[in-house]
Amino acid sequence: QVVLVESGGGVVQAGGSLRLSCAASGSIPIANALGWFRQAPGKEREFVASVNWRTGASVYRDSVEGRFTISRDTAKNTVYLQLDSLKPEDTALYYCAVRPSYKTYTDPRSYDYWGQGTQVTVSS
């Protein structure tokens, strides 16, 4: 059992930055990966970024590549998502989740545990 708690969301102007954190209680198996998803009102949940817990290898959706950075601290059981150059279209509820690393990283159904989310609002 893994419990995930996100934090760091807020309201920021376009072009600003935020750093989201996802703290995990309970050990994350080394063969897992963590991902960040987001969901805007009236839209489907979409993949944002993922990091392999063992290797640190990361992958991003195209629209955030170069603006967002995912990282993990295995000693603190925490994953971070640095959001830079934010745009109004980045406004959403951001979730972190854990999946076995062999499963498809873009598919929410691959993930076994989810946090409650943290709201990011970007004003124009």
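None of the values given here were measured: they were computed from a predicted structure. Hydrogens, waters and symmetry mates are skipped; everything else that's a heavy atom, side chains included, is used.
S17 contributes atom OG, which lies 10.5 Å from atom CZ of R67 (distance to the nearest 0.5 angstrom). Atom CG of N52 is separated from atom OG of S58 by 10.0 Å, given to the nearest 0.5 angstrom. Residue K103 holds its NZ atom at 10.0 Å from CG of N32, rounded to the nearest 0.5 Å.
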Derivation of the side-chain contact (heavy atoms from CB on, under 4.5 Å) call for D90 and L83: CA-CA 9 Å; D90 294 319; L83 287 63; 5.7 Å; no
Could you go through the side-chain contact (heavy atoms from CB on, under 4.5 Å) check for C96 and V79 one step at a time? CA-CA 8 Å; C96 66; V79 175; 6.0 Å; no
Y113/Q1 under side-chain contact (heavy atoms from CB on, under 4.5 Å): CA gap, chis, key distance, verdict: CA-CA 8 Å; Y113 301 103; Q1 181 77 15; 3.9 Å; yes
Working note: R38 + T91, criterion side-chain contact (heavy atoms from CB on, under 4.5 Å); need CA distance, chi angles, decisive distance, verdict. CA-CA 9 Å; R38 66 187 182 186; T91 295; over 6 Å; no
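Connection of Y105 to Y94 is not established within any shared hydrophobic cluster, with ILVMFWY side chains joined at heavy-atom distances below 4.5 Å, either directly or through further cluster members. Linking ILVMFWY side-chain heavy atoms closer than 4.5 Å, directly or via other members, places V48 and L18 in a single hydrophobic cluster. Residues L93 and Y80 fall into different hydrophobic clusters, defined by Ile, Leu, Val, Met, Phe, Trp and Tyr side chains chained together at heavy-atom separations under 4.5 Å. Linking Ile, Leu, Val, Met, Phe, Trp and Tyr whenever their side-chain heavy atoms come within less than 4.5 Å leaves Y95 and L81 in two separate clusters. Both I70 and L34 belong to a common hydrophobic cluster when Ile, Leu, Val, Met, Phe, Trp and Tyr are linked at side-chain heavy-atom distances under 4.5 angstrom.
Nearest heavy-atom pair across W53 and P29 is CD1-O, 4.0 Å. Heavy atoms only, all atoms of each residue included: A14 and S124 are closest at CB-CA, 4.4 Å. Nearest heavy atom pair, residue Y60 against residue T69, reads OH-CA, 3.4 Å. Of all heavy-atom pairs spanning D112 and P100, the tightest one is OD2-CD, 3.4 Å. Of all the heavy atoms in V2 and A24, the pair that sits closest is CG1-CB, 4.1 Å. Pairing each heavy atom of S21 with each of T78, the nearest pair is CB-CG2, 4.4 Å.
The environment of CD in E46 is crowded: more than 12 heavy-atom neighbours from other residues, nucleotides or ligands sit within 6.0 Å. Counting heavy atoms of neighbouring residues, nucleotides and ligands inside a 6.0 Å radius, atom CZ of F47 exceeds 12 of them. More than 12 heavy-atom neighbours from other residues, nucleotides or ligands sit within 6.0 angstrom of CZ on R45.
Side chain of E6 to backbone of Q116: a donor-acceptor contact under 3.5 angstrom is found.
The shortest side-chain heavy-atom distance between T118 and S7 does not fall under the 4.5 Å cut-off.
Ring centroids of F37 and W114 are separated by less than 6.0 Å, placing the two rings close together.
Between D107 and R99 there is no salt bridge, since no side-chain nitrogen of the basic residue lies less than 4.0 Å from a carboxylate oxygen of the acidic one.
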